[in-house]
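Step one of this worksheet: look at the structure below.
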Amino acid sequence: MASYLSANTGPDLTKGVSLQDFGDQPLLRGHVADEPVILVHVGDEIMAVGASCTHYGAPLEEGLVAGETIRCPWHHACFSLRDGEALGAPAFDSLPCWQVERDGGRIIVRNKITPEPLSPSPAVTPDPPVNIVIIGGGAAGFSCAEMLRRRGYQGQITQLSDDADAPCDRPNLSKDYLAGNAPEEWIPLKPGSFYTKNHIDLHLRTKVTSIDTVAHTVLTSDGQVFPFDRLLLATGAEPVRPPIPGADQNHVFTLRTLADSRAIIQQAKHAKSAVVLGSGFIGLEAAAALRARGLDVHVISLDQEPLEKILGTKLGVFIRNLHQQHGVQFHMGTSITRIDASKVVLNNGNELAAGLVILGVGVRPRVSLAEAAGITVDNGILVNEYLETSVPGIFAAGDAARWHDPGSGQKQRIEHWVLAERHGQIAAENMLGAHTAFCDVPFFWSAHYDISIRYVGHARSWDKLEIEGDLDMHDCLIRYQKEGRTIAVAAIGRDKQALEYRALMAQQPC
(Lines give C-alpha, C1' and ligand atoms only; values in the text may rest on other atoms or scores of the structure.)
Protein backbone atom coordinates (compact mmCIF):
# COMPACT_ATOMS: atom_id res chain seq x y z
CA MET A 1 0.00 0.00 0.00
CA ALA A 2 1.31 3.47 -0.83
CA SER A 3 2.76 5.74 1.80
CA TYR A 4 0.44 8.37 3.25
CA LEU A 5 2.78 11.25 2.54
CA SER A 6 5.09 12.02 -0.37
CA ALA A 7 8.63 10.72 -0.05
CA ASN A 8 10.28 14.12 -0.32
CA THR A 9 8.62 15.76 2.67
CA GLY A 10 11.22 17.46 4.87
CA PRO A 11 14.97 17.90 4.38
CA ASP A 12 17.35 15.79 2.32
CA LEU A 13 18.98 13.86 5.14
CA THR A 14 22.05 12.98 3.08
CA LYS A 15 22.98 16.67 3.23
CA GLY A 16 22.73 16.69 7.01
CA VAL A 17 20.63 18.34 9.69
CA SER A 18 21.38 19.67 13.16
CA LEU A 19 19.84 18.93 16.54
CA GLN A 20 18.21 22.35 16.36
CA ASP A 21 16.17 21.12 13.39
CA PHE A 22 14.36 18.71 15.71
CA GLY A 23 12.92 21.59 17.74
CA ASP A 24 11.24 20.20 20.84
CA GLN A 25 10.33 16.91 19.16
CA PRO A 26 12.26 13.61 19.44
CA LEU A 27 11.95 12.91 15.72
CA LEU A 28 12.35 14.60 12.37
CA ARG A 29 10.96 13.51 9.01
CA GLY A 30 13.07 13.85 5.88
CA HIS A 31 14.06 11.77 2.90
CA VAL A 32 16.96 9.86 1.34
CA ALA A 33 16.59 10.01 -2.44
CA ASP A 34 12.96 8.97 -2.99
CA GLU A 35 12.48 7.17 0.32
CA PRO A 36 10.81 8.82 3.34
CA VAL A 37 12.94 8.53 6.49
CA ILE A 38 12.57 9.66 10.08
CA LEU A 39 15.42 10.50 12.40
CA VAL A 40 14.73 9.68 16.05
CA HIS A 41 16.73 11.12 18.94
CA VAL A 42 17.01 8.46 21.69
CA GLY A 43 19.40 9.28 24.52
CA ASP A 44 22.74 10.17 22.95
CA GLU A 45 21.94 8.35 19.71
CA ILE A 46 20.22 9.28 16.48
CA MET A 47 18.54 6.42 14.62
CA ALA A 48 17.07 6.44 11.10
CA VAL A 49 14.20 4.24 9.96
CA GLY A 50 11.50 4.28 7.29
CA ALA A 51 8.86 6.94 7.84
CA SER A 52 5.83 4.89 6.81
CA CYS A 53 4.22 2.10 8.83
CA THR A 54 4.48 -1.17 6.93
CA HIS A 55 0.86 -2.02 7.78
CA TYR A 56 -1.19 0.75 6.09
CA GLY A 57 1.50 3.36 5.38
CA ALA A 58 0.66 5.70 8.26
CA PRO A 59 3.09 8.61 8.88
CA LEU A 60 5.23 7.49 11.81
CA GLU A 61 6.31 11.03 12.67
CA GLU A 62 2.78 11.43 14.05
CA GLY A 63 3.29 8.37 16.25
CA LEU A 64 4.80 7.89 19.69
CA VAL A 65 8.43 7.25 20.59
CA ALA A 66 8.72 5.05 23.68
CA GLY A 67 12.23 3.99 24.64
CA GLU A 68 13.81 2.44 21.57
CA THR A 69 10.47 1.84 19.85
CA ILE A 70 8.10 3.86 17.69
CA ARG A 71 4.37 3.21 17.60
CA CYS A 72 2.06 3.83 14.65
CA PRO A 73 -0.64 6.50 15.17
CA TRP A 74 -3.33 4.68 13.19
CA HIS A 75 -3.40 1.06 14.31
CA HIS A 76 -0.70 0.98 17.03
CA ALA A 77 1.86 -1.27 15.35
CA CYS A 78 5.15 -1.15 17.26
CA PHE A 79 8.64 -1.11 15.69
CA SER A 80 12.16 -1.32 17.05
CA LEU A 81 14.19 1.78 16.23
CA ARG A 82 17.37 -0.27 16.60
CA ASP A 83 16.70 -2.83 13.88
CA GLY A 84 13.30 -1.90 12.43
CA GLU A 85 11.64 -5.16 13.54
CA ALA A 86 7.84 -5.12 13.72
CA LEU A 87 7.59 -5.93 17.41
CA GLY A 88 3.81 -5.70 17.65
CA ALA A 89 1.01 -6.41 15.17
CA PRO A 90 -0.81 -5.40 13.02
CA ALA A 91 2.46 -4.78 11.14
CA PHE A 92 4.55 -7.84 10.31
CA ASP A 93 7.14 -6.37 7.94
CA SER A 94 10.12 -4.51 9.41
CA LEU A 95 11.05 -0.91 8.72
CA PRO A 96 14.11 -0.19 6.59
CA CYS A 97 17.07 1.27 8.50
CA TRP A 98 19.84 3.69 7.52
CA GLN A 99 23.34 4.41 8.76
CA VAL A 100 23.67 7.67 10.70
CA GLU A 101 26.96 9.55 11.07
CA ARG A 102 28.01 12.71 12.93
CA ASP A 103 30.18 15.30 11.24
CA GLY A 104 30.76 17.98 13.81
CA GLY A 105 27.32 19.37 14.54
CA ARG A 106 25.79 17.80 11.45
CA ILE A 107 23.76 14.58 11.46
CA ILE A 108 24.07 12.83 8.12
CA VAL A 109 22.20 9.77 6.86
CA ARG A 110 24.23 7.44 4.67
CA ASN A 111 23.48 3.99 3.27
CA LYS A 112 20.55 1.71 3.94
CA ILE A 113 21.66 -1.09 6.24
CA THR A 114 20.50 -4.47 7.49
CA PRO A 115 21.27 -4.24 11.21
CA GLU A 116 21.77 -7.15 13.52
CA PRO A 117 18.86 -7.74 15.92
CA LEU A 118 19.19 -5.84 19.17
CA SER A 119 18.78 -8.97 21.27
CA PRO A 120 18.68 -12.69 20.52
CA SER A 121 15.37 -14.39 19.92
CA PRO A 122 13.73 -16.05 22.93
CA ALA A 123 15.58 -19.20 23.86
CA VAL A 124 14.10 -22.36 22.46
CA THR A 125 13.30 -24.89 25.16
CA PRO A 126 15.98 -27.59 25.64
CA ASP A 127 13.42 -30.03 24.24
CA PRO A 128 12.13 -28.07 21.22
CA PRO A 129 8.83 -29.14 19.69
CA VAL A 130 9.08 -31.14 16.48
CA ASN A 131 5.51 -30.58 15.31
CA ILE A 132 3.40 -27.48 15.96
CA VAL A 133 -0.21 -27.53 14.79
CA ILE A 134 -2.35 -24.41 14.56
CA ILE A 135 -6.13 -24.76 14.27
CA GLY A 136 -7.56 -21.64 12.70
CA GLY A 137 -6.83 -19.38 9.75
CA GLY A 138 -7.53 -15.98 11.29
CA ALA A 139 -5.45 -13.28 12.96
CA ALA A 140 -4.14 -15.34 15.89
CA GLY A 141 -3.30 -18.41 13.81
CA PHE A 142 -1.45 -16.45 11.14
CA SER A 143 0.55 -14.31 13.58
CA CYS A 144 1.58 -17.40 15.54
CA ALA A 145 2.92 -19.15 12.43
CA GLU A 146 4.69 -16.00 11.25
CA MET A 147 6.33 -15.40 14.64
CA LEU A 148 7.46 -19.01 14.98
CA ARG A 149 9.49 -18.68 11.79
CA ARG A 150 10.69 -15.21 12.67
CA ARG A 151 12.03 -16.57 15.96
CA GLY A 152 14.00 -19.23 14.15
CA TYR A 153 11.80 -22.28 14.73
CA GLN A 154 12.87 -25.01 12.29
CA GLY A 155 10.29 -27.70 13.02
CA GLN A 156 7.06 -28.59 11.23
CA ILE A 157 4.27 -25.98 11.24
CA THR A 158 0.84 -27.18 10.13
CA GLN A 159 -2.02 -24.68 9.95
CA LEU A 160 -5.53 -26.09 9.55
CA SER A 161 -8.29 -23.73 8.45
CA ASP A 162 -11.88 -24.46 7.46
CA ASP A 163 -11.89 -21.21 5.49
CA ALA A 164 -11.68 -21.28 1.70
CA ASP A 165 -9.18 -18.40 1.63
CA ALA A 166 -5.76 -17.88 3.16
CA PRO A 167 -5.54 -15.61 6.24
CA CYS A 168 -6.77 -12.17 5.26
CA ASP A 169 -7.15 -8.62 6.59
CA ARG A 170 -10.55 -9.22 8.18
CA PRO A 171 -11.20 -5.61 9.39
CA ASN A 172 -11.15 -4.49 5.76
CA LEU A 173 -13.96 -6.88 4.83
CA SER A 174 -16.56 -4.54 6.34
CA LYS A 175 -14.70 -1.34 5.46
CA ASP A 176 -12.89 -0.31 2.26
CA TYR A 177 -13.09 -3.68 0.52
CA LEU A 178 -16.85 -3.93 0.97
CA ALA A 179 -17.22 -0.28 -0.08
CA GLY A 180 -15.24 -0.95 -3.27
CA ASN A 181 -12.28 1.22 -2.30
CA ALA A 182 -9.72 -1.55 -1.75
CA PRO A 183 -8.76 -4.13 -4.39
CA GLU A 184 -8.75 -7.78 -3.40
CA GLU A 185 -4.97 -8.04 -3.74
CA TRP A 186 -4.72 -5.90 -0.59
CA ILE A 187 -6.76 -8.36 1.46
CA PRO A 188 -4.48 -11.41 2.04
CA LEU A 189 -2.14 -10.88 5.00
CA LYS A 190 0.60 -12.49 2.90
CA PRO A 191 0.73 -13.92 -0.63
CA GLY A 192 0.70 -17.67 -1.18
CA SER A 193 4.46 -17.66 -1.74
CA PHE A 194 4.95 -16.65 1.92
CA TYR A 195 3.69 -20.02 3.16
CA THR A 196 5.81 -21.91 0.67
CA LYS A 197 8.96 -19.91 1.41
CA ASN A 198 8.52 -20.27 5.17
CA HIS A 199 7.53 -23.96 5.04
CA ILE A 200 4.15 -23.36 6.64
CA ASP A 201 1.88 -26.23 5.65
CA LEU A 202 -1.43 -24.39 5.23
CA HIS A 203 -4.50 -26.58 4.70
CA LEU A 204 -7.62 -24.67 3.59
CA ARG A 205 -11.18 -26.03 3.57
CA THR A 206 -10.06 -28.41 6.31
CA LYS A 207 -12.39 -29.11 9.21
CA VAL A 208 -10.91 -30.44 12.44
CA THR A 209 -13.26 -32.93 14.06
CA SER A 210 -11.40 -33.92 17.24
CA ILE A 211 -8.29 -33.44 19.38
CA ASP A 212 -6.71 -36.32 21.27
CA THR A 213 -4.87 -34.74 24.19
CA VAL A 214 -3.31 -38.06 25.24
CA ALA A 215 -1.98 -39.19 21.85
CA HIS A 216 -1.26 -35.54 20.89
CA THR A 217 -3.04 -35.79 17.56
CA VAL A 218 -5.59 -33.77 15.60
CA LEU A 219 -8.11 -35.52 13.35
CA THR A 220 -9.79 -33.85 10.36
CA SER A 221 -13.05 -34.68 8.60
CA ASP A 222 -11.22 -36.20 5.63
CA GLY A 223 -9.47 -38.71 7.87
CA GLN A 224 -6.06 -37.05 8.13
CA VAL A 225 -4.20 -37.30 11.44
CA PHE A 226 -1.72 -34.60 12.45
CA PRO A 227 0.61 -35.21 15.42
CA PHE A 228 1.63 -32.27 17.59
CA ASP A 229 4.04 -31.42 20.36
CA ARG A 230 2.47 -27.98 20.76
CA LEU A 231 -1.02 -27.01 19.65
CA LEU A 232 -2.64 -23.59 19.22
CA LEU A 233 -6.41 -23.30 19.31
CA ALA A 234 -7.13 -20.18 17.25
CA THR A 235 -10.65 -21.24 16.35
CA GLY A 236 -12.05 -17.72 16.57
CA ALA A 237 -15.75 -16.95 16.67
CA GLU A 238 -18.73 -17.50 14.42
CA PRO A 239 -21.59 -15.12 13.61
CA VAL A 240 -24.84 -15.54 15.48
CA ARG A 241 -27.78 -16.33 13.19
CA PRO A 242 -30.99 -15.43 15.02
CA PRO A 243 -33.90 -17.82 14.36
CA ILE A 244 -35.83 -15.43 12.10
CA PRO A 245 -38.18 -17.00 9.54
CA GLY A 246 -36.64 -16.52 6.11
CA ALA A 247 -33.07 -16.02 7.39
CA ASP A 248 -31.88 -18.99 5.31
CA GLN A 249 -32.56 -17.31 1.97
CA ASN A 250 -29.81 -16.55 -0.56
CA HIS A 251 -29.99 -12.76 -0.11
CA VAL A 252 -29.41 -12.98 3.66
CA PHE A 253 -25.80 -12.87 4.86
CA THR A 254 -23.53 -12.76 7.86
CA LEU A 255 -20.15 -11.05 7.49
CA ARG A 256 -17.09 -12.84 8.78
CA THR A 257 -15.02 -14.19 5.90
CA LEU A 258 -13.68 -12.98 2.57
CA ALA A 259 -16.22 -15.27 0.89
CA ASP A 260 -19.00 -13.52 2.87
CA SER A 261 -17.81 -10.09 1.74
CA ARG A 262 -17.51 -11.23 -1.88
CA ALA A 263 -21.06 -12.62 -1.80
CA ILE A 264 -22.45 -9.38 -0.33
CA ILE A 265 -20.68 -7.37 -3.03
CA GLN A 266 -22.21 -9.55 -5.75
CA GLN A 267 -25.69 -9.20 -4.25
CA ALA A 268 -25.23 -5.43 -3.88
CA LYS A 269 -24.70 -5.14 -7.64
CA HIS A 270 -28.32 -6.13 -8.21
CA ALA A 271 -30.01 -4.81 -5.06
CA LYS A 272 -31.43 -1.31 -4.58
CA SER A 273 -31.97 -1.51 -0.83
CA ALA A 274 -30.35 -3.25 2.11
CA VAL A 275 -31.39 -3.97 5.67
CA VAL A 276 -28.75 -4.44 8.37
CA LEU A 277 -29.81 -6.10 11.61
CA GLY A 278 -27.57 -4.86 14.42
CA SER A 279 -26.02 -1.49 15.26
CA GLY A 280 -22.59 -2.71 16.39
CA PHE A 281 -19.34 -2.06 14.59
CA ILE A 282 -19.79 -4.68 11.86
CA GLY A 283 -23.35 -3.58 11.16
CA LEU A 284 -22.52 0.12 10.98
CA GLU A 285 -19.37 -0.37 8.90
CA ALA A 286 -21.33 -2.54 6.50
CA ALA A 287 -24.06 0.10 6.34
CA ALA A 288 -21.50 2.79 5.45
CA ALA A 289 -19.93 0.54 2.82
CA LEU A 290 -23.29 -0.20 1.18
CA ARG A 291 -24.16 3.51 1.15
CA ALA A 292 -20.88 4.04 -0.73
CA ARG A 293 -22.23 1.59 -3.30
CA GLY A 294 -25.41 3.63 -3.66
CA LEU A 295 -27.90 1.37 -1.87
CA ASP A 296 -30.70 2.60 0.35
CA VAL A 297 -29.73 1.29 3.79
CA HIS A 298 -31.85 0.66 6.90
CA VAL A 299 -30.33 -0.33 10.26
CA ILE A 300 -32.55 -2.30 12.67
CA SER A 301 -31.59 -2.60 16.34
CA LEU A 302 -33.15 -3.30 19.71
CA ASP A 303 -30.81 -0.71 21.26
CA GLN A 304 -31.84 2.90 21.71
CA GLU A 305 -28.61 4.24 20.19
CA PRO A 306 -25.93 2.50 18.12
CA LEU A 307 -22.89 1.34 20.08
CA GLU A 308 -24.20 2.86 23.30
CA LYS A 309 -23.27 -0.21 25.37
CA ILE A 310 -19.66 0.10 24.22
CA LEU A 311 -19.14 3.84 23.75
CA GLY A 312 -21.94 5.49 25.73
CA THR A 313 -25.08 7.37 24.76
CA LYS A 314 -23.44 10.67 23.71
CA LEU A 315 -21.07 9.00 21.29
CA GLY A 316 -23.87 6.71 20.15
CA VAL A 317 -26.03 9.72 19.24
CA PHE A 318 -23.07 11.28 17.42
CA ILE A 319 -22.49 8.13 15.38
CA ARG A 320 -26.18 7.79 14.51
CA ASN A 321 -26.30 11.42 13.35
CA LEU A 322 -23.15 10.87 11.28
CA HIS A 323 -24.69 7.89 9.49
CA GLN A 324 -27.99 9.70 9.01
CA GLN A 325 -26.15 12.58 7.35
CA HIS A 326 -24.93 9.99 4.83
CA GLY A 327 -28.39 8.64 4.20
CA VAL A 328 -28.63 5.64 6.54
CA GLN A 329 -32.08 5.22 8.09
CA PHE A 330 -32.34 3.88 11.65
CA HIS A 331 -35.13 1.87 13.27
CA MET A 332 -34.07 1.67 16.91
CA GLY A 333 -35.86 -0.31 19.60
CA THR A 334 -37.17 -2.70 16.95
CA SER A 335 -36.32 -6.07 15.43
CA ILE A 336 -37.16 -8.26 12.45
CA THR A 337 -39.93 -10.82 12.71
CA ARG A 338 -39.77 -12.18 9.15
CA ILE A 339 -37.61 -11.95 6.03
CA ASP A 340 -39.36 -12.33 2.70
CA ALA A 341 -37.90 -12.49 -0.80
CA SER A 342 -37.87 -8.71 -1.27
CA LYS A 343 -38.74 -7.22 2.11
CA VAL A 344 -38.42 -7.56 5.87
CA VAL A 345 -41.23 -7.23 8.40
CA LEU A 346 -40.46 -5.47 11.69
CA ASN A 347 -41.99 -6.27 15.06
CA ASN A 348 -43.93 -3.00 14.93
CA GLY A 349 -45.62 -4.12 11.72
CA ASN A 350 -43.64 -1.89 9.36
CA GLU A 351 -42.27 -3.37 6.16
CA LEU A 352 -38.99 -2.40 4.46
CA ALA A 353 -37.83 -3.24 0.96
CA ALA A 354 -34.71 -5.41 1.14
CA GLY A 355 -32.85 -6.88 -1.79
CA LEU A 356 -30.00 -7.65 0.62
CA VAL A 357 -30.04 -8.42 4.35
CA ILE A 358 -27.02 -8.55 6.67
CA LEU A 359 -27.31 -10.14 10.11
CA GLY A 360 -24.79 -8.37 12.34
CA VAL A 361 -25.94 -9.23 15.84
CA GLY A 362 -22.65 -10.52 17.21
CA VAL A 363 -20.57 -13.66 17.37
CA ARG A 364 -20.03 -16.60 19.70
CA PRO A 365 -16.66 -18.25 20.48
CA ARG A 366 -15.94 -21.55 18.78
CA VAL A 367 -15.12 -23.75 21.77
CA SER A 368 -16.72 -27.10 20.89
CA LEU A 369 -13.42 -28.74 19.86
CA ALA A 370 -11.73 -27.71 23.09
CA GLU A 371 -14.69 -28.72 25.23
CA ALA A 372 -14.95 -32.16 23.60
CA ALA A 373 -11.23 -32.68 24.23
CA GLY A 374 -11.65 -32.00 27.96
CA ILE A 375 -10.01 -28.55 27.87
CA THR A 376 -11.56 -26.12 30.35
CA VAL A 377 -13.98 -23.64 28.77
CA ASP A 378 -16.11 -20.88 30.27
CA ASN A 379 -17.36 -18.27 27.79
CA GLY A 380 -14.23 -19.06 25.83
CA ILE A 381 -11.22 -21.32 26.19
CA LEU A 382 -9.63 -20.50 29.53
CA VAL A 383 -5.89 -19.76 29.44
CA ASN A 384 -3.30 -18.67 32.00
CA GLU A 385 -1.11 -15.60 31.69
CA TYR A 386 1.07 -17.45 29.17
CA LEU A 387 -2.00 -18.27 27.01
CA GLU A 388 -1.71 -21.97 27.90
CA THR A 389 -4.90 -23.94 28.44
CA SER A 390 -5.68 -26.42 31.20
CA VAL A 391 -3.83 -29.05 29.13
CA PRO A 392 -0.04 -28.45 29.08
CA GLY A 393 1.36 -27.82 25.63
CA ILE A 394 -1.99 -26.65 24.24
CA PHE A 395 -2.44 -22.90 23.88
CA ALA A 396 -5.38 -20.73 22.83
CA ALA A 397 -5.45 -17.25 21.31
CA GLY A 398 -7.77 -14.77 19.68
CA ASP A 399 -11.54 -14.47 19.85
CA ALA A 400 -11.98 -17.94 21.36
CA ALA A 401 -9.56 -17.39 24.25
CA ARG A 402 -10.55 -16.04 27.66
CA TRP A 403 -7.46 -14.55 29.25
CA HIS A 404 -6.42 -12.51 32.27
CA ASP A 405 -6.61 -8.78 31.53
CA PRO A 406 -4.25 -6.83 33.83
CA GLY A 407 -6.23 -3.62 33.25
CA SER A 408 -9.41 -4.97 34.81
CA GLY A 409 -7.89 -7.75 36.87
CA GLN A 410 -10.50 -10.10 35.40
CA LYS A 411 -10.76 -12.88 32.86
CA GLN A 412 -11.86 -11.35 29.55
CA ARG A 413 -12.72 -12.56 26.09
CA ILE A 414 -12.40 -9.62 23.72
CA GLU A 415 -13.03 -9.78 19.98
CA HIS A 416 -10.39 -7.34 18.74
CA TRP A 417 -8.25 -7.94 15.64
CA VAL A 418 -4.97 -6.49 16.95
CA LEU A 419 -5.41 -8.29 20.27
CA ALA A 420 -5.83 -11.61 18.45
CA GLU A 421 -2.68 -11.02 16.42
CA ARG A 422 -0.67 -10.18 19.52
CA HIS A 423 -2.10 -13.21 21.30
CA GLY A 424 -0.73 -15.33 18.47
CA GLN A 425 2.70 -13.71 18.67
CA ILE A 426 3.06 -14.28 22.41
CA ALA A 427 1.71 -17.84 22.14
CA ALA A 428 4.37 -18.57 19.50
CA GLU A 429 7.18 -17.35 21.73
CA ASN A 430 5.86 -19.29 24.71
CA MET A 431 5.69 -22.47 22.63
CA LEU A 432 9.42 -21.98 22.17
CA GLY A 433 10.08 -21.54 25.88
CA ALA A 434 9.98 -17.74 26.30
CA HIS A 435 7.60 -17.90 29.30
CA THR A 436 6.27 -14.41 28.57
CA ALA A 437 3.06 -13.25 30.24
CA PHE A 438 0.53 -11.56 27.98
CA CYS A 439 0.18 -8.00 29.23
CA ASP A 440 -0.94 -6.07 26.17
CA VAL A 441 -3.65 -3.41 26.30
CA PRO A 442 -6.72 -4.05 24.11
CA PHE A 443 -7.12 -1.74 21.11
CA PHE A 444 -9.40 -1.46 18.10
CA TRP A 445 -10.26 1.05 15.42
CA SER A 446 -13.50 1.63 13.56
CA ALA A 447 -14.04 3.76 10.44
CA HIS A 448 -17.28 5.61 9.69
CA TYR A 449 -17.02 7.61 6.47
CA ASP A 450 -14.28 10.19 7.11
CA ILE A 451 -14.26 9.59 10.88
CA SER A 452 -12.07 7.03 12.63
CA ILE A 453 -12.42 6.02 16.26
CA ARG A 454 -9.41 4.65 18.16
CA TYR A 455 -10.40 2.78 21.31
CA VAL A 456 -7.88 1.75 23.98
CA GLY A 457 -8.58 -0.41 27.02
CA HIS A 458 -11.81 -2.23 27.84
CA ALA A 459 -14.85 -0.95 29.70
CA ARG A 460 -17.86 -3.21 30.19
CA SER A 461 -19.31 -0.53 32.44
CA TRP A 462 -18.21 2.78 33.88
CA ASP A 463 -19.10 5.21 36.68
CA LYS A 464 -18.20 8.37 34.80
CA LEU A 465 -17.71 9.43 31.19
CA GLU A 466 -15.64 12.55 30.44
CA ILE A 467 -15.38 14.23 27.04
CA GLU A 468 -12.34 16.41 26.45
CA GLY A 469 -12.52 18.56 23.32
CA ASP A 470 -15.37 19.00 20.85
CA LEU A 471 -17.22 15.92 19.62
CA ASP A 472 -19.07 17.88 16.92
CA MET A 473 -15.75 19.19 15.58
CA HIS A 474 -14.40 15.61 15.42
CA ASP A 475 -11.64 16.49 17.88
CA CYS A 476 -12.10 14.82 21.23
CA LEU A 477 -11.01 12.19 23.71
CA ILE A 478 -13.61 10.29 25.75
CA ARG A 479 -12.47 8.81 29.05
CA TYR A 480 -14.35 5.90 30.64
CA GLN A 481 -13.72 5.88 34.37
CA LYS A 482 -14.49 3.43 37.13
CA GLU A 483 -13.74 3.98 40.81
CA GLY A 484 -11.69 7.06 39.91
CA ARG A 485 -9.49 5.28 37.35
CA THR A 486 -9.53 5.61 33.56
CA ILE A 487 -10.11 2.11 32.20
CA ALA A 488 -10.64 2.98 28.53
CA VAL A 489 -10.49 5.91 26.12
CA ALA A 490 -11.99 6.58 22.71
CA ALA A 491 -10.30 9.15 20.49
CA ILE A 492 -11.53 11.01 17.41
CA GLY A 493 -8.92 13.19 15.73
CA ARG A 494 -6.47 12.58 18.59
CA ASP A 495 -4.50 9.57 17.45
CA LYS A 496 -1.33 10.37 19.39
CA GLN A 497 -3.24 10.94 22.60
CA ALA A 498 -4.78 7.47 22.26
CA LEU A 499 -1.25 6.07 21.89
CA GLU A 500 -0.13 7.92 25.01
CA TYR A 501 -2.99 6.47 27.02
CA ARG A 502 -2.18 3.00 25.77
CA ALA A 503 1.42 3.44 26.89
CA LEU A 504 0.22 4.54 30.35
CA MET A 505 -2.14 1.58 30.67
CA ALA A 506 0.63 -0.80 29.62
CA GLN A 507 2.62 0.21 32.70
CA GLN A 508 0.16 -1.61 34.97
CA PRO A 509 1.63 -4.84 36.39
CA CYS A 510 0.45 -8.13 34.93
Side-chain angles (χ1 to χ4, degrees), residues 1-7 9 27 29 35-38 40 49-66 69-97 137-147 149-150 166-179 181-191 194 198 258 281 285 397-398 416-426 428 440-447 452-456 491 495-496 498-499 502-503 506:
M1 194 174 296
S3 178
Y4 174 67
L5 295 174
S6 65
T9 301
L27 50 80
R29 180 184 172 111
E35 295 193 68
V37 177
I38 51 171
V40 186
V49 297
S52 301
C53 178
T54 58
H55 175 231
Y56 273 12
L60 290 179
E61 73 271 18
E62 297 178 10
L64 180 70
V65 176
T69 68
I70 188 164
R71 304 180 187 191
C72 171
W74 289 359
H75 307 124
H76 295 202
C78 180
F79 299 90
S80 167
L81 291 169
R82 183 72 62 177
D83 60 12
E85 183 182 359
L87 299 174
F92 294 100
D93 296 325
S94 62
L95 295 173
C97 298
F142 169 81
S143 62
C144 179
E146 191 274 343
M147 183 59 77
R149 289 300 187 228
R150 202 195 309 179
C168 69
D169 183 19
R170 184 169 288 148
N172 223 332
L173 300 182
S174 59
K175 298 182 177 74
D176 284 344
Y177 177 70
L178 185 59
N181 300 324
E184 189 160 315
E185 55 263 31
W186 285 6
I187 302 305
L189 290 175
K190 289 287 185 180
F194 168 83
N198 288 279
L258 178 54
F281 289 108
E285 289 173 357
H416 295 173
W417 180 254
V418 174
L419 181 75
E421 290 180 319
R422 296 195 177 185
H423 266 182
Q425 291 178 322
I426 293 298
D440 213 337
V441 177
F443 162 79
F444 70 81
W445 76 94
S446 184
S452 288
I453 301 170
R454 320 284 181 204
Y455 183 98
V456 173
D495 294 349
K496 189 170 182 179
L499 271 173
R502 190 175 188 190

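Index from 1, following the sequence.
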Mind checking whether [X] and [Y] have side chains closer than 4.5 Å, heavy atoms only?
X	Y	result
L60	L95	yes
I70	L27	yes
P36	R29	yes

Name the residue from E421, R422, H423 that meets the side-chain contact (heavy atoms from CB on, under 4.5 Å) definition with L419. H423
Of L173, N172, L178, the residue whose pairing with K175 passes side-chain contact (heavy atoms from CB on, under 4.5 Å): N172
Would you say the side-chain atoms of S174 and E285 include a donor-acceptor pair closer than 3.5 Å? yes
Ring centroid separation F92 to F194 under 6.0 Å: no
State, to 0.1 Å, how close A51 and E61 come at their nearest heavy-atom pair, and which atoms those are. O-OE1, 4.0 Å
Nearest atoms (heavy-atom pairs only) where Q425 meets A89: OE1-N, 3.4 Å
List for me each residue that meets salt bridge (charged side-chain N to carboxylate O under 4.0 Å, His left out) alongside D495, sequence neighbours excluded, and say none if there are none. R454
Answer yes or no: is there an ion pair linking E85 with R150, defined by an N-O contact shorter than 4.0 Å? yes
Does D440 come within less than 4.0 Å of R502, counting only side-chain N to carboxylate O? yes
Restricting to ring-ring contact (aromatic ring centres under 6.0 Å, His included), what partner residues turn up for H76, sequence neighbours left out? F443
Quick one: list whatever passes ring-ring contact (aromatic ring centres under 6.0 Å, His included) with F444, sequence neighbours left out. F281, H416, Y455
